[in-house]
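A quick write-up on the structure given underneath.
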Amino acid sequence: RELSRGLALIGLALQLAIAPLTLGVLVPAVRAAPNLAEGLTQRLRAYAVAAITLALLGSVAALLAQSVAVAPDLALPQAAWATLSGTRYGEVWIWRLLGLLIVSTAAAIGLWGPERRSHAFLRIAALVGLVVPLTFSLLSHAAAQPEGAAAAIVADALHLVAAAIWGGGVVLLAVVLLPTLRPFNSGPWRDVLRVAIPRFSVLALAAWGILLLSGLYAAWLQVGSLAGLMETPYGRTLLLKGALLLLILVLAAWHFWQGRDLARARFPRLAATLALEALLVVAVLLVVGRLIGQPPAREVLVSRTPTRLQTPLTFPTHNGERAATLTV
């Protein structure tokens, strides 16, 4: 189940990043070197096919894993139908699938359709993509909050949107843009990156701000103490996520610095470090998939400290009454 959740999150991030990165980064960057347009378009289309496939298959795998947990005594098709037709998970999953299909269709028309309509459909894909993470948040720990569930769900959805645009964007640049530039690494690649890196940095900085605020809020809700962070599986997994994010932040800062002084940058090193950053992003999403399947640290700590029930009692004695307290 943890792996299926991780794959669903990776697919979501890769898919949702296509439209905003294409409109905000790739299209303006290619104007600096128009001869790269054809090769970039081919790579972007291949990437889109892989991302859309992974997003859909990852969500189907998550449904099947959930179905086994819901109805372990049924055959897998019957269990899946029982989950879809009789559980809240199934209802939300259907909305998730619908959202993914709309984003996929709009992105496909934007990348393969008439050029005059491509930007309009990519904008549709980007806008609908802002809503799809809500279907993940409605099934997360945030939705189980006894108080303030609505705020927790919104914060969790914003966290996923920011992670998708930034994390999926890193993977897209590493898989699509830099390989397209490799044959031209002695010439126009610097002109392209002078446009691409600052534009992506604006998106990344905004995403990191949202990730930081929403992540701290979620940690307060689900962990809430140093003991919860250090002494529970949820807390230790969260620490692992934080360590990976710190490594990514160091690489991102280095790439931002390289973008300010591309005259000294070396293409092979830049491509290798961006590929490493993309792999770390994938690792973080897999860790998040594990995190979703673990009970929150607050719940674990409460279960370790049973609730004490105290009831005052009185007993008759030969001298009158005697007070006592029953503790359970």
Side-chain angles (χ1 to χ4, degrees), residues 1-16 54-70 80 83-84 87-97 99-100 131-146 148-164 166-168 210-212 214-224 228-229 232-245 248 280-303:
R1 292 176 66 184
E2 294 171 357
L3 179 59
S4 67
R5 294 189 192 100
L7 292 177
L9 289 171
I10 293 170
L12 177 74
L14 299 187
Q15 183 181 20
L16 296 193
L54 182 58
L56 295 174
L57 291 181
S59 286
V60 170
L63 170 67
L64 296 178
Q66 181 69 18
S67 301
V68 171
V70 169
T83 303
L84 286 172
T87 67
R88 182 173 179 272
Y89 182 99
E91 180 182 351
V92 175
W93 187 89
I94 291 172
W95 284 106
R96 178 194 301 180
L97 180 63
L100 291 174
V131 181
V132 174
L134 189 62
T135 62
F136 285 77
S137 300
L138 287 169
L139 301 173
S140 68
H141 292 313
Q145 289 298 308
I153 290 170
V154 171
D156 189 77
L158 289 174
H159 194 82
L160 289 177
V161 169
W166 159 72
I210 295 172
L211 285 170
L212 179 62
S214 58
L216 289 174
Y217 178 58
W220 176 72
L221 289 177
Q222 309 300 339
V223 180
L229 192 64
T232 66
Y234 187 97
R236 289 190 287 269
T237 304
L238 190 61
L239 285 175
L240 175 59
K241 176 188 173 184
L244 292 173
L245 286 174
I248 292 172
L280 289 173
V281 167
V282 172
V284 167
L285 293 173
L286 289 173
V287 170
V288 172
R290 176 176 176 79
L291 202 63
I292 294 172
Q294 294 177 324
R298 282 185 185 270
E299 293 182 7
V300 173
L301 292 180
V302 168
S303 68

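Computed from a predicted structure; not experimentally measured.
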Derivation of the side-chain contact (heavy atoms from CB on, under 4.5 Å) call for Leu12 and Phe136: CA-CA 10 Å; Leu12 177 74; Phe136 285 77; 3.9 Å; yes

If only atom types and distance count, is the side chain of [X] paired as donor or acceptor with the main-chain N or O of [Y] below 3.5 Å?
{"X": "His141", "Y": "Pro295", "result": "no"}
{"X": "Thr232", "Y": "Ala297", "result": "no"}
{"X": "Gln66", "Y": "Tyr89", "result": "no"}

Heavy-atom closest pair, residues [X] and [Y]:
{"X": "Ser214", "Y": "His159", "result": "OG-ND1, 2.7 Å"}
{"X": "Ala143", "Y": "Leu138", "result": "CB-O, 3.3 Å"}
{"X": "Leu158", "Y": "Ile210", "result": "O-CG2, 3.6 Å"}

Check whether any side-chain heavy atom of [X] lies under 4.5 Å from a side-chain heavy atom of [Y], and answer yes or no.
{"X": "Leu64", "Y": "Val68", "result": "no"}
{"X": "Leu221", "Y": "Tyr217", "result": "yes"}
{"X": "Val300", "Y": "Tyr234", "result": "no"}
{"X": "Leu291", "Y": "Gln294", "result": "yes"}
{"X": "Leu54", "Y": "Gln15", "result": "no"}

Those residues at least two apart in sequence (or on a different chain) that pass side chain to side chain contact (heavy atoms under 4.5 Å, CB included) with Leu84 are Leu63, Trp93, Ile94

Could you tell me which residues satisfy side chain to side chain contact (heavy atoms under 4.5 Å, CB included) with Leu3, sequence neighbours excluded, listed by chain and number? Leu7, Leu286

Nearest-0.5 Å distance that lies between atom CG in Leu9 and atom CG in Leu160: 6.5 Å

